[in-house]
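Right, one structure below, let's go through it.
By convention here, the first residue in the shown sequence is residue 1.
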Amino acid sequence: MDRETRLKRLRFRSWHRGTKEADLLIGGFFDQHGERWSDEEITLFETLLEEQDVDIMAWAMGTDTAPERYRGTILDALKTLNYVPISE
C-alpha cells in the first residue's frame, strides 16, 4: 500500500475510535503529526491503534505506563496534549 493510502486509512481510524474523547485525542494527534512521520513511525502508529482507547488515553495523560514498544518520539508527542482542539 502506498504512503498516501496508508495515511488516509490512519486518518479515518484515528477519528473513528468510538468515543468523542478518543476521537479528539487520537484524531487531533494524527492531524497534527501524521504527515511528517517516517514509514517506521507510521507502522508504529498503526500498531498503536490496535490498542484499547482507554489504554492509549492513559499513556497520553501519564496515568499509566506505556509498553516499551511504544515509548519514543510518537508517545512523547502524544503526551504533550497540545493538539487537542478545544471549542469554546
Side-chain angles (χ1 to χ4, degrees):
M1 179 180 333
D2 65 51
R3 180 181 176 85
E4 184 179 333
T5 302
R6 285 177 81 188
L7 290 173
K8 284 180 183 179
R9 291 180 72 171
L10 282 177
R11 179 171 286 113
F12 182 86
R13 290 180 62 203
S14 296
W15 278 103
H16 295 87
R17 301 297 299 174
T19 65
K20 183 70 170 180
E21 294 84 358
D23 290 349
L24 289 171
L25 179 86
I26 299 166
F29 176 71
F30 177 82
D31 285 352
Q32 189 76 21
H33 299 282
E35 295 290 331
R36 295 186 302 266
W37 288 336
S38 68
D39 288 341
E40 281 183 351
E41 290 170 317
I42 290 171
T43 299
L44 180 62
F45 190 71
E46 287 170 330
T47 304
L48 179 69
L49 290 183
E50 297 299 322
E51 300 291 343
Q52 296 294 315
D53 292 345
V54 67
D55 294 330
I56 297 170
M57 293 175 74
W59 302 334
M61 292 184 282
T63 59
D64 196 4
T65 304
E68 185 68 35
R69 66 184 172 272
Y70 297 124
R71 295 183 197 157
T73 57
I74 288 184
L75 192 59
D76 290 344
L78 186 65
K79 287 180 177 182
T80 64
L81 297 177
N82 64 355
Y83 50 82
V84 178
I86 299 173
S87 58
E88 295 180 27

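Annotation for G18 and D23: closest pair N-OD1, 3.7 Å, computed over non-hydrogen atoms. Across all non-hydrogen atoms, the minimal contact from T73 to E41 is OG1-OE2, 3.1 Å.
Residues passing the salt bridge (charged side-chain N to carboxylate O under 4.0 Å, His left out) test with E46, sequence neighbours excluded: R6. Contacts of D31 classified as salt bridge (charged side-chain N to carboxylate O under 4.0 Å, His left out), with partners at least two apart in sequence or in another chain: R11. Residues that satisfy the salt bridge (charged side-chain N to carboxylate O under 4.0 Å, His left out) test with E50, not counting sequence neighbours, are R13. With sequence neighbours left out, R36 forms a side chain to side chain contact (heavy atoms under 4.5 Å, CB included) with H33. Applying the salt bridge (charged side-chain N to carboxylate O under 4.0 Å, His left out) criterion to D39, with sequence neighbours excluded, gives R3.
The side-chain heavy atoms of F45 and I26, taken from C-beta on, include a pair separated by under 4.5 Å. Residues E40 and L44 have side chains not in contact (no heavy-atom distance under 4.5 Å, counting atoms from C-beta outward). Residues W37 and I74 have side chains in contact (heavy-atom distance under 4.5 Å, counting atoms from C-beta outward). Using a 4.5 Å heavy-atom cutoff, the side chains of L78 and I56 are in contact.
To the nearest 0.5 Å, the span separating CG on L25 from OG on S14 amounts to 10.0 Å. Distance check: T47 OG1 to I42 CD1 gives 12.0 Å after rounding to the nearest 0.5 Å. Rounding to the nearest 0.5 angstrom, the gap separating the CG atom in L7 from the CZ atom in F30 is 5.0 Å.
Linking ILVMFWY residues whenever their side-chain heavy atoms come closer than 4.5 Å, directly or via other members, places L48 and M61 in the same cluster.
With hydrogens and angles disregarded, no donor-acceptor distance shorter than 3.5 Å links the side chain of T80 to the backbone of D76. Proximity of a side-chain donor or acceptor of W15 to a complementary backbone N or O of G27 within less than 3.5 Å is detected.
Screening residues 52-62 for side chain to side chain donor-acceptor pair (under 3.5 Å) gives R17-D53 as the qualifying pairs, with residues at least two apart or on separate chains.
Within a 6.0 Å radius of CZ in R71, other residues, nucleotides and ligands contribute more than 12 heavy atoms.
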